[in-house]
Amino acid sequence: MSKRTVIVSGGMLEEDFVLPILKSEETEFIIGVDRGLVFLYEHGIKPDYIVGDFDSAPNEVVTYYREETKVPIREFNPVKDASDTEIALRLCLGLNRHEIWILGGTGKRVDHLWANVQCLKIALDAGADARIIDRYNQIRLLDHGITLKKDEAFGPYFSVFPLELPVDDFNITGAKYPLKNHILKPYGSLCVSNEFQEDTVEISFAFGVVILMETRD
């Protein structure tokens with residue numbers, strides 16, 4: 001089983017949540033992205049790659065990594081066609097990384113969050129397991145059914161939304177609010193904040209892509 005790659009972006013990075021992940025033996029590869037580089041610098045963590053246009057990272061931090069380390073840096077013009085996080089995600093895929101956690105992918109800017117959620121489709125199409133994680137949320141995309149186990153769940157709640165088109169023959173079993181042979185349509189809120197009723201929850205659907213959000217208070 002491959003170890004995970006962690007992308008550290010410039011959104012919300014809570015020290016007591018992020019540091020254990022970065023220092024875990026399960027984390028093998030770290031990519032610092034623009035303002036996320038500041039968090040790594042302040043905590044003495046050397047990334048394996050640095051990506052960004054550095055429009056939101058202090059010059060002294062960028063200069064330190066340029067002059068004092070041998071970390072590969074991929075710098076881009078701020079006027080570009082992709083976000084820094086998307087560029088980092090594509091770098092992961094190019095390096096054949098298959099388990100990718102994005103930290104700092106959530107925060108005050110909802111537009112940045114939504115862009116990051118949509119970028120997960122790039123990883124899904126490449127056969128990689130990429131997810132956005134913070135203290136309260138884990139977000140990933142699915143193109144097939146999944147079994148969630150209560151004792152291993154990220155949190156007690158989960159929500160499901162179609163990414164693009166309606167999802168036919170959508171089913172949820174083992175949950176407080178089950179569904180059977182449902183057409184899961186965009187723009188609805190039916191599948192928000194479901195809960196475990198049994199020890200396992202089964203989510204299945206015929207085709208399509210769904211956003212699975214596992215959450216906790």
Side-chain angles (χ1 to χ4, degrees), residues 3-27 30-40 42-43 45 56 83-86 88-89 92 99-124 128-142 146-163 172 174-177 179 184 186-203 209-217:
K3 292 189 176 181
R4 66 176 167 245
T5 295
V6 176
I7 295 173
V8 183
S9 291
M12 181 175 61
L13 295 165
E14 295 180 280
E15 188 177 77
D16 58 343
F17 178 76
V18 171
L19 285 180
I21 293 174
L22 295 179
K23 295 180 178 181
S24 168
E25 292 183 357
E26 296 302 312
T27 297
I30 297 172
I31 298 178
V33 179
D34 212 276
R35 193 169 67 239
L37 195 59
V38 177
F39 182 92
L40 298 177
E42 291 175 345
H43 293 89
I45 297 173
S56 58
S83 68
D84 292 328
T85 301
E86 178 182 338
L89 183 58
C92 289
E99 184 181 348
I100 305 164
W101 288 16
I102 300 173
L103 304 179
T106 62
K108 295 179 181 178
R109 293 283 300 271
V110 176
D111 55 343
H112 286 175
L113 168 61
W114 186 239
N116 291 337
V117 170
Q118 293 190 98
C119 285
L120 295 178
K121 183 64 161 54
I122 299 167
L124 184 71
D129 176 6
R131 53 191 73 186
I132 299 166
I133 299 178
D134 64 25
R135 181 189 299 276
Y136 305 105
N137 309 279
Q138 176 174 267
I139 306 170
R140 50 183 161 159
L141 302 185
L142 302 174
I146 191 172
T147 299
L148 301 176
K149 297 182 179 180
K150 187 175 183 178
D151 60 356
E152 298 175 0
F154 182 85
Y157 311 108
F158 65 93
S159 301
V160 188
F161 310 94
L163 180 64
I172 299 176
K176 183 176 182 179
Y177 307 110
L179 280 175
L184 187 64
Y187 323 122
S189 58
L190 176 65
C191 290
V192 170
S193 196
N194 210 334
E195 302 177 42
F196 285 84
Q197 185 73 38
E198 301 177 9
D199 289 337
T200 61
V201 163
E202 298 280 351
I203 299 173
V209 177
V210 303
I211 306 167
L212 173 63
M213 298 185 179
E214 299 169 72
T215 56
R216 57 197 182 199
D217 293 322

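Count residues from 1 along the sequence. Every heavy atom of this structure was used, including side-chain atoms; hydrogens, water molecules and symmetry mates were not.
- In this structure, CD1 in I45 is found 5.0 Å from CG in L19, a value given to the nearest 0.5 Å.
- Considering CH2 of W101 and CD1 of I133, their distance stands at 4.5 Å, rounded to 0.5 Å.
- Distance check, rounded to the nearest 0.5 Å: CD of Q138 to OG1 of T215 gives 10.5 Å.
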Would you tabulate the side-chain donor-acceptor contacts of residues 113-124 under 3.5 Å, counting partners in other chains and residues two or more places apart, or write 'none'?
unit_1 : atom_1 : unit_2 : atom_2 : d
N116   : ND2    : G105   : O      : 3.0
N116   : ND2    : H112   : O      : 3.2
K121   : NZ     : D125   : OD1    : 2.9
K121   : NZ     : D125   : OD2    : 3.1

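- One distance of note links CG of D84 with CG of L37; it measures 11.0 Å at 0.5 Å rounding.
- Note that CD of E214 and CZ of F158 are 9.0 Å apart. Values are rounded to the nearest 0.5 Å.
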>> For a side chain to side chain contact (heavy atoms under 4.5 Å, CB included) check, start with the C-alpha distance between L148 and I203, then their side-chain angles and the critical distance, and finish with the verdict.
In response: CA-CA 8 Å; L148 301 176; I203 299 173; 4.2 Å; yes

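- One distance of note links NZ of K149 with CG of D151; it measures 7.5 Å at 0.5 Å rounding.
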> K150 and E198: salt bridge (charged side-chain N to carboxylate O under 4.0 Å, His left out), yes or no, with the steps?
Replying inline: CA-CA 8 Å; K150 187 175 183 178; E198 301 177 9; over 6 Å; no

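- Residues N137 and I132 have side chains not in contact (no heavy-atom distance under 4.5 Å, counting atoms from C-beta outward).
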>> The test is side chain to side chain contact (heavy atoms under 4.5 Å, CB included); show your working for L22 and L40 and say whether it passes.
In response: CA-CA 9 Å; L22 295 179; L40 298 177; 3.8 Å; yes

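- Inter-residue side-chain proximity for I146 and R140 is flagged as met; some heavy-atom pair is nearer than 4.5 Å.
- In this model, a donor atom of one side chain and an acceptor atom of the other lie less than 3.5 Å apart for D134 and T106.
- Here the closest non-hydrogen pair linking F196 and G155 is CE1-O, 4.1 Å.
- The environment of D16 atom CG is dense: over 12 non-hydrogen atoms of other residues, nucleotides or ligands sit within 6.0 angstrom.
- Taking 4.5 Å as the limit, every side-chain heavy atom of V6 sits out of range of all side-chain heavy atoms of I100.
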> Should L190 and L179 be marked as a side chain to side chain contact (heavy atoms under 4.5 Å, CB included) after you check the CA-CA gap, both sets of side-chain angles, and the distance that decides it?
Replying inline: CA-CA 10 Å; L190 176 65; L179 280 175; 4.1 Å; yes

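- With hydrogens and angles disregarded, a donor-acceptor distance shorter than 3.5 Å links the side chain of T27 to the backbone of I21.
- Of the possible polar contacts, one joining the S83 side chain to the E86 backbone as a donor-acceptor pair under 3.5 Å is found.
- When the side chain to side chain contact (heavy atoms under 4.5 Å, CB included) test is applied to Y177, the partners found at least two apart in sequence or on another chain are N194.
- A heavy-atom distance below 4.5 Å is found between the side chains of V192 and F161.
- By the side chain to side chain contact (heavy atoms under 4.5 Å, CB included) test, P156 pairs with R216, sequence neighbours left out.
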> Stepwise, does the side chain to side chain contact (heavy atoms under 4.5 Å, CB included) test hold for E15 with L13?
Replying inline: CA-CA 6 Å; E15 188 177 77; L13 295 165; over 6 Å; no

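- Remark: the S9 side chain and the T85 side chain contain an N/O donor-acceptor pair separated by less than 3.5 Å.
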>> Go through it in stages, so that I can follow the logic: the residues are E14 and R135, the test is salt bridge (charged side-chain N to carboxylate O under 4.0 Å, His left out), and I'd like the CA-CA distance, side-chain angles, deciding distance and then a yes or no.
In response: CA-CA 8 Å; E14 295 180 280; R135 181 189 299 276; 3.1 Å; yes

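- Scanning all heavy atoms of the two residues, the minimum distance from V201 to G174 falls at CG2-O, 3.4 Å.
- Within the 4.5 Å cutoff, side-chain heavy atoms of Y157 are placed close to those of D217.
- Using modelled atom types, one side-chain atom of S159 and one backbone atom of S193 make a donor-acceptor pair closer than 3.5 Å.
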